[in-house]
Novice: 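I have a structure I would like to understand better, so I am pasting it below and will then ask my questions one at a time.
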Amino acid sequence: MSAKYTNIEQTRLDKVARLRAQGIEPYPHRVERTHTSAQILAEFEQAEAAGSETPVEATLVGRMRSMRPMGKITFAHLEDGSGRIQIFLRANDLGQEKLELFNKEFDLGDFVQARGEMFRTRSGEVTLKVQDFRLLSKSITPLPAAKDEIVDGEVVQHATLSEPELRYRQRYADLAVNPEVRRIFRTRAALVRALREFLDSHDFLEVETPVLQPIYGGAAARPFVTYHNQLKQDLYLRISFELYLKRLLVGGYEGVYEIGRDFRNEGVDRTHNPEFTQLEFYWAYADYLKVMDLTEQMIRFAAERVLGKHELQYLDHTIRLGAPWQRMELNEGLLEVTGIDIDQHPTAESLASAMRAKGMEPNPNDTRGKLIDGLLGDYLAPTLIQPTFVYNYPRDISPLAKSLPGNPQITERFEGYLAGMELCNAFTELNDPLDQEARFVEMGRDYAQDDEERHPMDEDYLRAMRYGMPPCGGFGMGVDRLAMLFTNSPNIREVILFPHLRKEEE
RNA sequence: GGGUGCGUAGCUCAAUGGUAGAGCAGUGGCCUUUUAAGCCAUUGGUUCAGGGUUCGAGCCCCUGCGCACUCACCA
């Protein structure tokens with residue numbers, strides 16, 4: 001931290017010194033508060049409507065966001081967690097000296113406590129007429145905000161912090177200055193609450209499983225590696241919760257879920273952050289069709305709770321969650337958009353040549369499953385704007401999913417798409433320990449030895465499964481992506497409070 | 001990792017290769033119902049960093065750093 005202050009900061013530090021010289025502590029310990037700004041507004045308007053003559057008194061606190069000194073009077077706005085309220089200071093009430101203290105030593109961004117009674121100004125704004133005030137915390141660095149205007153009770157900003165880098169690096173300043181950013185994270189919290197409420201009410205047990213894992217698994221992704229000094233052991237930050245949650249079904253729970261952080265050591269873009277929030281649930285005695293139904297219900301429930309409606313406005317799209325989701329078999333969907341029938345191409349070589357015939361450039365090292373996944377991502381996914389379940393995936397990219405009865409090459413797996421984004425992934429879970437072991441071995445073969453996406457063999461997981469795992473359906477969803485949809489955010493960084501950025505220069 | 005663009009005052013932005021500016025914020029003054037208050041005056045710059053070209057660089061060239069978009073990669 002540089003010891004050098006800007007002119008504005010130096011000016012404010014001088015004010016701190018002057019205040020202390022007058023015996024005024026700029027960072028006091030105790031606060032008095034009788035109402036939030038929203039409470040007092042409601043109370044005053046109620047009293048006014050009832051024709052009450054009794055003065056409405058209040059002690060309010062908040063951050064000073066505007067200040068209009070006009071000689072012997074001053075107007076200012078305080079902002080607290082519930083909104084803003086105007087305060088009015090008059091030399092007649094406070095004395096000339098006290099008013100000057102406020103005008104000269106208080107700044108935008110300071111936290112202030114003010115006591116007085118409520119009234120309505122000539123222009124109609126409900127306002128606190130201040131009888132006494134106190135500094136609660138001095139702001140040294142000016143908030144990166146330009147002036148605001150209040151029109152019909154709404155804060156209108158004429159220019160504000162907009163540089164994305166500064167907004168993400170100094171999220172505190174972004175939040176302090178941009179109320180719509182505060183709103184995004186309230187919506188996100190409401191969304192997570194709704195998901196919990198839904199799963200709790202369906203008798204799922206919320207659990208917590210290890211973030212630090214000796215063997216990572218449950219997804220195809222490169223992990224972050226760390227090290228435990230005393231145990232002298234490499235540990236991986238989890239890339240999914242799957243293998244631990246399914247062990248719990250072996251233990252006798254019939255439904256478990258976890259909402260938590262996953263870590264993937266991969267590229268960063270508008271839909272990927274190195275750490276992200278995942279929701280997974282596992283449901284005994286269910287299959288992927290039941291999970292599809294539950295997914296529809298869950299997303300619809302969340303929309304009702306959070307948005308109060310069944311429609312999402314996302315970028316240019318209006319997404320309808322009220323209707324049943326479209327259900328599309330993967331092979332049919334791909335045939336539709338690419339003209340390639342993957343069922344006619346049982347090998348990677350055959351599929352790759354069919355792709356080349358269409359002018360595509362498949363990666364020659366990819367397995368058949370990876371090629372199909374590529375086609376899905378490149379050609380089919382972008383067309384899936386309205387909610388769609390794509391189902392029945394090839395076995396070699398679904399090592400934890402149970403095959404279709406009588407068709408070992410296709411698994412009972414689906415992914416949910418909205419607005420062209422992959423939102424969730426689910427399947428009828430493989431619970432045959434011998435089949436599972438064979439799949440792990442296949443994965444080891446199909447991936448190069450040094451491909452970190454390859455699934456390591458998890459012997460303990462197989463041991464758990466050998467005790468007997470009930471038939472079950474499992475589900476995973478990127479909560480950040482759902483939050484993007486619910487808040488109409490084009491970038492995942494808008495819904496993550498402190499998104500990852502490269503290290504700042506010293 | 002590739003491509004494109006951007007980086008100037010606290011914030012938002014200007015500035016043909018020729019003295020670095022504006023609005024807001026800040027500072028001083030006037031102003032007793034304002035609300036982007038107003039009026040007068042005024043402070044503030046390592047132009048992201050480091051090299052180069054040039055009589056002269058915010059601007060042109062090179063390198064680096066960071067951010068955005070995009071492609072690749074990626075459940």
Side-chain angles (χ1 to χ4, degrees), chain A residues 4-12 14-15 65-77 84 86-93 96 99 104 107-109 119-125 127 129 139-151 153 155-169 173 177 218-222 239-240 242 262 264-272 274 276 278 280 361 363 369-370 373-374 376-378 381 393 397-401 413 415 422-427 452-453 476-478 481 490-491 493 501-506:
Chain A
K4 204 172 169 213
Y5 294 107
T6 65
N7 288 344
I8 295 178
E9 288 169 336
Q10 194 51 58
T11 302
R12 292 189 179 189
D14 293 345
K15 292 180 183 183
R65 293 307 312 279
S66 71
M67 203 178 171
R68 293 177 294 284
M70 305 174 56
K72 304 282 190 301
I73 60 169
T74 291
F75 288 94
H77 277 94
R84 284 194 189 196
Q86 182 166 262
I87 63 174
F88 172 59
L89 300 91
R90 202 165 56 149
N92 296 20
D93 302 323
Q96 186 67 34
L99 182 64
K104 286 195 190 312
D107 290 293
L108 295 181
F119 75 112
R120 203 176 270 278
T121 62
R122 275 178 209 162
S123 53
E125 184 165 351
T127 299
K129 182 182 288 181
S139 162
I140 303 302
T141 304
L143 286 173
K147 210 176 276 186
D148 308 323
E149 180 184 13
I150 297 193
V151 178
V155 177
V156 177
Q157 296 191 319
H158 293 276
T160 187
L161 179 64
S162 59
E163 183 69 36
E165 182 172 359
L166 219 56
R167 288 188 46 231
Y168 300 144
R169 283 199 200 281
V177 142
R222 281 183 298 176
I239 59 172
S240 88
E242 171 147 8
D262 269 344
R264 296 189 184 175
N265 205 339
E266 290 175 346
V268 176
D269 63 26
R270 58 174 281 272
T271 59
H272 294 83
F276 62 100
Q278 180 87 330
E280 291 190 24
E361 292 173 5
N363 184 334
K370 276 200 170 185
D373 209 33
L376 168 61
D378 291 345
Y393 280 63
I397 51 169
S398 313
L400 302 163
R413 171 181 173 190
E415 290 183 323
E422 181 196 332
L423 180 68
C424 59
N425 178 27
F427 25 90
E452 287 177 282
E453 282 183 21
M477 177 174 72
R481 290 190 185 171
N491 193 304
R493 287 177 163 167
L501 296 180
R502 282 190 176 79
K503 198 169 66 175
E504 234 176 326
E505 272 185 274
E506 292 298 316

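Below, read A as the first sequence line, B as the second, and so on, with proteins coming before strands; counting in each chain starts at 1.
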Novice: For A:E422 and A:R481, run side-chain contact (heavy atoms from CB on, under 4.5 Å): C-alpha distance rounded to whole Å, both residues' side-chain angles, the deciding distance at 0.1 Å, then the answer.
Specialist: CA-CA 8 Å; A:E422 181 196 332; A:R481 290 190 185 171; 3.9 Å; yes
Novice: Within this structure, what is the CG-to-C1' distance between A:N363 and B:C73, rounded to whole angstrom?
Specialist: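 In whole Å, B:C73 C1' and A:N363 CG are 10 Å from each other.
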Novice: Ignoring hydrogens and angles, are the base of B:U34 and the side chain of A:R68 linked by a donor-acceptor pair under 3.5 Å?
Specialist: yes
Novice: Taking N and O atoms by type only, does the side chain of A:N7 place a donor or acceptor under 3.5 Å from a partner on the base of B:U43?
Specialist: no
Novice: Just name whichever nucleotide pairs with B:C6, Watson-Crick or G-U, keeping both distances under 3.5 Å, else none.
Specialist: B:G66
Novice: Hey, do the aromatic rings of A:F88 and A:F119 have their centres closer than 6.0 Å?
Specialist: yes
Novice: Heavy atoms under 4.0 Å, any strand shown: does A:Q278 hit a base, just sugar-phosphate, or nothing?
Specialist: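 Base, at least one base atom sits under 4.0 Å.
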Novice: Sticking with atom P, work out how far B:G38 lies from B:G5, rounded to a whole angstrom.
Specialist: 40 Å
Novice: A:F119 has a side chain; which of B:U12, B:U33, B:U27 sits nearest to it?
Specialist: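 Looking only at side-chain atoms, A:F119 lies closest to B:U33.
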Novice: Could you pick out which residue, A:T141 or A:A91, lies toward the 5' side of RNA chain B when each is mapped onto its nearest nucleotide?
Specialist: A:T141
Novice: Could you tell me how far apart A:I8 (CD1) and B:A9 (P) are, to the nearest whole angstrom?
Specialist: 12 Å
Novice: Between A:K129 and B:U32, is there a contact of a side-chain N or O with OP1 or OP2 at under 4.0 Å?
Specialist: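 Looking at the OP1 and OP2 atoms of B:U32, neither is under 4.0 Å from any side-chain N or O of A:K129.
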Novice: Quantified in whole Å, what is the C1' atom distance between nucleotide B:G21 and nucleotide B:U33?
Specialist: 37 Å
Novice: What's the closest nucleotide to the A:P164 side chain, out of B:A68, B:U32, B:U70?
Specialist: B:A68
Novice: Return yes if the base of B:U34 and the side-chain atoms of A:T121 contain a donor-acceptor N/O pair under 3.5 Å, otherwise no.
Specialist: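 Indeed there is one.
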Novice: Using atom CZ of A:R167 as one end and atom P of B:C11 as the other, report the distance to the nearest whole Å.
Specialist: 14 Å
Novice: Looking only at atom C1', what distance separates B:U8 and B:G58, rounded to whole Å?
Specialist: 7 Å
Novice: Nearest to the side chain of A:E266, which nucleotide is it out of B:U12, B:G26, B:C74?
Specialist: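 It is B:C74.
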Novice: Whole-Å distance between B:C71 C1' and A:E361 CD?
Specialist: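 Going from CD in A:E361 over to C1' in B:C71 covers 13 Å.
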Novice: I need the NZ-P distance between A:K370 and B:A72, as an integer number of Å.
Specialist: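 Rounded to the whole Å, the gap is 15 Å.
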Novice: OP1 or OP2 of B:C67 less than 4.0 angstrom from a side-chain nitrogen or oxygen of A:R169, does that happen here?
Specialist: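 Checking A:R169 against B:C67: at least one side-chain N or O falls below 4.0 Å of OP1 or OP2.
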Novice: In this structure, are over 12 heavy atoms from other groups packed under 6.0 Å from A:E361 atom CD?
Specialist: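 Result for CD/A:E361: open.
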Novice: Under the side-chain contact (heavy atoms from CB on, under 4.5 Å) criterion, do A:R68 and A:Q86 qualify, and how do the steps go?
Specialist: CA-CA 11 Å; A:R68 293 177 294 284; A:Q86 182 166 262; 2.8 Å; yes
Novice: Looking at A:R502, I'd like to know whether one of its side-chain N or O atoms comes within less than 4.0 Å of OP1 or OP2 on B:C67.
Specialist: yes
Novice: From C-beta outward on A:F75, which listed nucleotide comes closest to its side chain: B:U34, B:C11, B:A68?
Specialist: B:U34
Novice: Could you tell me the separation between the CG atom of A:D269 and the C1' atom of B:C69, rounded to a whole number of Å?
Specialist: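 Checked: the CG to C1' distance equals 12 Å.
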Novice: For A:D373 and B:A72, give me the distance from atom CG to atom C1', rounded to whole Å.
Specialist: 16 Å
Novice: Would you mind pulling out the nucleotide paired to B:A72, Watson-Crick or G-U wobble, both distances under 3.5 Å?
Specialist: none
Novice: Atom CG of A:L89 and atom C1' of B:U33: how far apart are they, to the nearest Å?
Specialist: 13 Å
Novice: With a 4.0 Å cutoff (strictly under), does any side-chain N or O of A:N491 reach OP1 or OP2 of B:C69?
Specialist: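 Affirmative; the distance criterion is met.
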Novice: Taking pairing as Watson-Crick or G-U wobble with both contacts under 3.5 Å, can you name the mate of B:G18, or confirm there isn't one?
Specialist: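 Across any shown strand, B:G18 pairs with B:C55.
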Novice: Nearest to the side chain of A:T11, heavy atoms from C-beta on, is which of B:U27, B:U12, B:G66?
Specialist: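 Among B:U27, B:U12, B:G66, the one nearest the side chain of A:T11 is B:U27.
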Novice: Would you say A:L143 and A:L108 make side-chain contact, with heavy atoms under 4.5 Å?
Specialist: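 The answer is no, as the side chains (C-beta and beyond) never meet within the 4.5 Å cut-off.
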Novice: When rounded to the nearest Å, what value does the distance between P atoms of B:G17 and B:C73 take?
Specialist: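 Rounded to whole Å, the distance is 41 Å.
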Novice: In the structure shown, which nucleotide is the Watson-Crick or G-U wobble counterpart of B:U33, with both distances under 3.5 Å?
Specialist: none
Novice: Could you tell me how far B:U47 sits from B:G28 if I compare only their C1' atoms? Round to whole Å.
Specialist: 29 Å
Novice: Can you tell me how far P in B:A14 sits from the matching atom in B:A22, rounded to whole Å?
Specialist: 16 Å
Novice: Among B:A37, B:U70, B:G26, which is the nearest nucleotide to the side chain of A:K15?
Specialist: B:G26
Novice: For B:U34, does the base pair up with any side-chain atom of A:Q86 as donor and acceptor (N or O, under 3.5 Å, distance only)?
Specialist: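 Such a pair is found, so the answer is yes.
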Novice: Could you go step by step and tell me if A:K129 and A:D93 meet the salt bridge (charged side-chain N to carboxylate O under 4.0 Å, His left out) rule?
Specialist: CA-CA 9 Å; A:K129 182 182 288 181; A:D93 302 323; 5.1 Å; no
Novice: To the side chain of A:L161, which of B:G26, B:U70, B:U12 is closest?
Specialist: B:U12
Novice: Using a cut-off of 4.0 Å on non-hydrogen atoms, how would the nucleic acid contact of A:L166 be classed: base, sugar-phosphate, or nothing?
Specialist: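 Sugar-phosphate, backbone atoms only, no base.
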Novice: Mind checking the C1' distance from B:A36 to B:G56? Whole angstroms is fine.
Specialist: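 Per the computed distance, 42 Å lies between those C1' atoms.
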